[in-house]
Amino acid sequence: MFSVSGLAKHYGDQTLFEGASLQFIPGERYGIVGANGCGKSTLLKILSGVESPSAGEINIPKRATLGVLKQDHFEYEASRILDVVMMGNKNLWDAMAEKEKILANAEKDFDGERYAELEDIILQGDGYTLEARAGEILEGLGIESEVHEQPLSTLSGGFKLRVLLAQVLASEPDVLLLDEPTNHLDILSIRWLERFLEQFRGAALMVSHDHRFLDNVATVIVDLDYSTAKAYPGNYQSFIRAKFEERSRREKEIEKREAQIADHKAFVERFRAKASKARQAQSKLKAIGRIEIESLPQSSRRYPRFRFKQKRPSGRQVLELGEISKSYGDKQVLEGVGLTVMRGEKVAIIGPNGIGKSTLLKIAMGEVNPDAGGVEWGYETYPGYFAQDHKEQVGTHGQTIESWLGEFCPHQGIGYVKAQLAAVLFSGDESGKKLESLSGGEAARLIFARHVVESPNVLVLDEPTNHLDLESIEALVKSLKEYDGSLIFVSHDRWFVSELASRIIEITPTGINDFPGTYEEYLARSGDDHLDSQAVLRQARGSKKKKSPSSSDNEQKTRSTVPPERQLKKLEPKLADLTDKIADAEERVEALNARFCEENYYRDTPLEENAALEAEQRILMDEVRNFMAEWEVLEEQADALRGQIEAKN
């Protein structure tokens, strides 16, 4: 276990966070969320020692090992892929390398004592299975055994980053620090990573913009907002509800106090001049002075506004791809792929990395020529393209973002251009930013602003969520749902696909599977767990319930005879009781966190007492999760009953 106390980070006048006190417990998985620029990656860098905090303390046990996901693969280019992964376990790797040197020089000078020491290190660390474990991790991340013996330089950039992820997972650390670990993974590899993290016994800290990943993996959400950091037990959906409820409670409390002040003031104004009420009026004035109203800080979260509209509808047939084939050298990427897209469809193209999804979109957009087959766009189609390497679409021409966007709407004034930039969070002087200074997320928002002003009637999007924060992804989904044109997209974001797709095209090594319907309908029909293997389990559970409906039918019949008002009256005390239990447990968790973050706590607290407090906190966090789950079920029932009552009235 380790903790931070009073942690702060400033860059000049900018405050990322301050007063952050958090505790990280083995076995818990912490999803770190917040707006772009709020300090999520900076927090990981501070914890790993890459950056120093502006204030505060970090308490990490001396023997604790940290596993940090690196982004620089260039130092390993000439190394064997398996070796790169095994290097993550530094003690074992160094011991094995030194042992090999001793054996290589055994005829000249054999150091038997040192050899025995190294052999002991290797045996204790299970070093003779390290290569097998490294191979399993690589295969889980979608890197087949056929390439494990090759140098890292033979892989593409995305797969090199997978090897670096395998390296940190193979290091078997006490604490994992992962910054956007799903960015270069396909959906199957993400699911493998989820299972790996579920079994990880240490504390895992993850920055991620993947809704489904955070829901599946996180047991605690660390929210960076209001210039501080706060932990919420549960996954991402639980956090969203808890934060909304917390803000609502504080707003209601402020409203209540403002109403009290207004009542007191009204009394004073009414009876100030009456001698008989003067003492009471004075008492009310003092009461007003005692009422404190806390001002609620503004959230750092900002939601862009994407307003996609088509300039005019296309013809009925939007796009036809006829028997497309494409190879790169000896590697056949696409073979005989045919596809027809009709007006108004929202088509998700899915499949493992390297299967040719992006290549297919590039061929459709004329960016790459097929080896065979043809592309035919329909009548009056105006496609807008978002490339996976979208920063190249923006370029680095020394232009400002204002002048760049203005080129796509030459008949509009500067006010219109500034308004479009402000809608995607470039306000004021930010419109003068140079293209080359944009981050990945900023470049993505700028390209979407271009699509807004150009009004294409077909949007072709290749991994559009890769560099967006959670708020931008949610805003993009909302806009694409309202978009009245056609949509063709590739994405590994399961939540994004589930929210948007009306048709699924899965590319496989043997051809394509074409399913007209949503992703959930696709799962129900095929049983394929390509995006989420848990959906199959849910489907099986659902079919079992359908086969034995007698108990639920009887329960429904019994309930239907009881008026919904009476049912709701019985539920409301249970909801109130659960709310109190959740609040009490969370309050105790906060108190324990504060205790753990006290200066010199680990030095002054006996090990037995610390272990007992940690166990108490784990139990409390489990209770909060269970109470929340129970509360959600009852609240859904209560909402349904309220609907019935409203319908009757």
Would E463 and S491 count as a side chain to side chain contact (heavy atoms under 4.5 Å, CB included) if you check the C-alpha gap in whole Å, the side-chain angles of each, and the deciding distance to 0.1 Å?
CA-CA 5 Å; E463 298 288 5; S491 179; 4.1 Å; yes
Are the side chains of [Y] and [X] in contact, using a 4.5 Å heavy-atom criterion?
X	Y	result
V168	L178	yes
Y30	L176	no
P304	F448	no
L224	V33	no
H209	D469	no
W192	L141	yes
F213	M206	yes
E18	T15	yes

Quick test of your reading of the model: are [X] and [Y] salt-bridged, counting only N-O distances below 4.0 Å?
X	Y	value
D639	R642	yes
R588	D584	no
K478	E499	no
E51	K9	yes

Give the minimum heavy-atom separation between [X] and [Y], together with the two atoms involved.
X	Y	result
E57	L7	O-CD1, 4.3 Å
S5	S21	CA-OG, 3.6 Å
A218	G31	CB-N, 4.1 Å
A203	F200	O-CE2, 3.6 Å
P61	F2	CD-CB, 3.9 Å
R191	E194	NH1-OE1, 2.6 Å

Please determine, by modelled atom types, if [X] and [Y] share a side-chain donor-acceptor pair under 3.5 angstrom.
X	Y	result
S171	N89	no
R445	S472	no
S498	E520	yes
Q237	H211	no
H10	S54	no

Is a donor on one side and an acceptor on the other found under 3.5 Å between the side chain of [X] and the backbone of [Y]?
X	Y	answer
E586	A583	no
T465	L468	no
T65	D174	yes
D215	N235	no

Could you give all pairs that pass the salt bridge (charged side-chain N to carboxylate O under 4.0 Å, His left out) test and reach residues 25-49, with sequence neighbours left out?
E28-R625
So salt bridge (charged side-chain N to carboxylate O under 4.0 Å, His left out) across residues 218-246, not counting sequence neighbours, yields D223-K243, D223-R301, D225-K243, D225-R301, K230-E246, R241-E632
When rounded to the nearest 0.5 angstrom, what distance separates [atom1] in [X] from [atom2] in [Y]?
X	Y	atom1	atom2	result
W495	L500	CH2	CG	8.0 Å
S41	E180	OG	CD	7.0 Å
L476	R305	CG	CZ	15.0 Å
E587	I582	CD	CD1	14.0 Å
L43	L16	CG	CG	10.0 Å
L47	I32	CG	CD1	7.0 Å

Take I137 and L165 through the side chain to side chain contact (heavy atoms under 4.5 Å, CB included) test and state the conclusion after the steps.
CA-CA 9 Å; I137 294 172; L165 176 58; over 6 Å; no
Among R133, R201, K90, salt bridge (Lys or Arg N to Asp or Glu O under 4.0 Å) partner for E172:
R133
Counting only heavy atoms not in E258, do more than 12 sit closer than 6.0 Å to its CD atom?
yes
Above 12 or not: heavy atoms from other molecules or residues under 6.0 Å from CZ of R247?
yes
Starting from the C-alpha separation in whole Å, work towards a yes-or-no answer on side chain to side chain contact (heavy atoms under 4.5 Å, CB included) for Y303 and L470.
CA-CA 9 Å; Y303 290 81; L470 288 161; over 6 Å; no
Between I46 and I58, does the side chain to side chain contact (heavy atoms under 4.5 Å, CB included) criterion hold? Intermediate values first, please.
CA-CA 9 Å; I46 290 171; I58 303 170; 3.5 Å; yes
Could you check R302 against E474 for salt bridge (Lys or Arg N to Asp or Glu O under 4.0 Å), going step by step and ending with a plain yes or no?
CA-CA 11 Å; R302 299 191 298 164; E474 289 166 12; over 6 Å; no
Look at the aromatic rings of Y236 and F239 and report parallel, tilted or perpendicular, splitting at 30° and 60°.
tilted
Step by step, work out the side chain to side chain donor-acceptor pair (under 3.5 Å) result for R162 and S189.
CA-CA 10 Å; R162 291 194 194 196; S189 300; 3.2 Å; yes
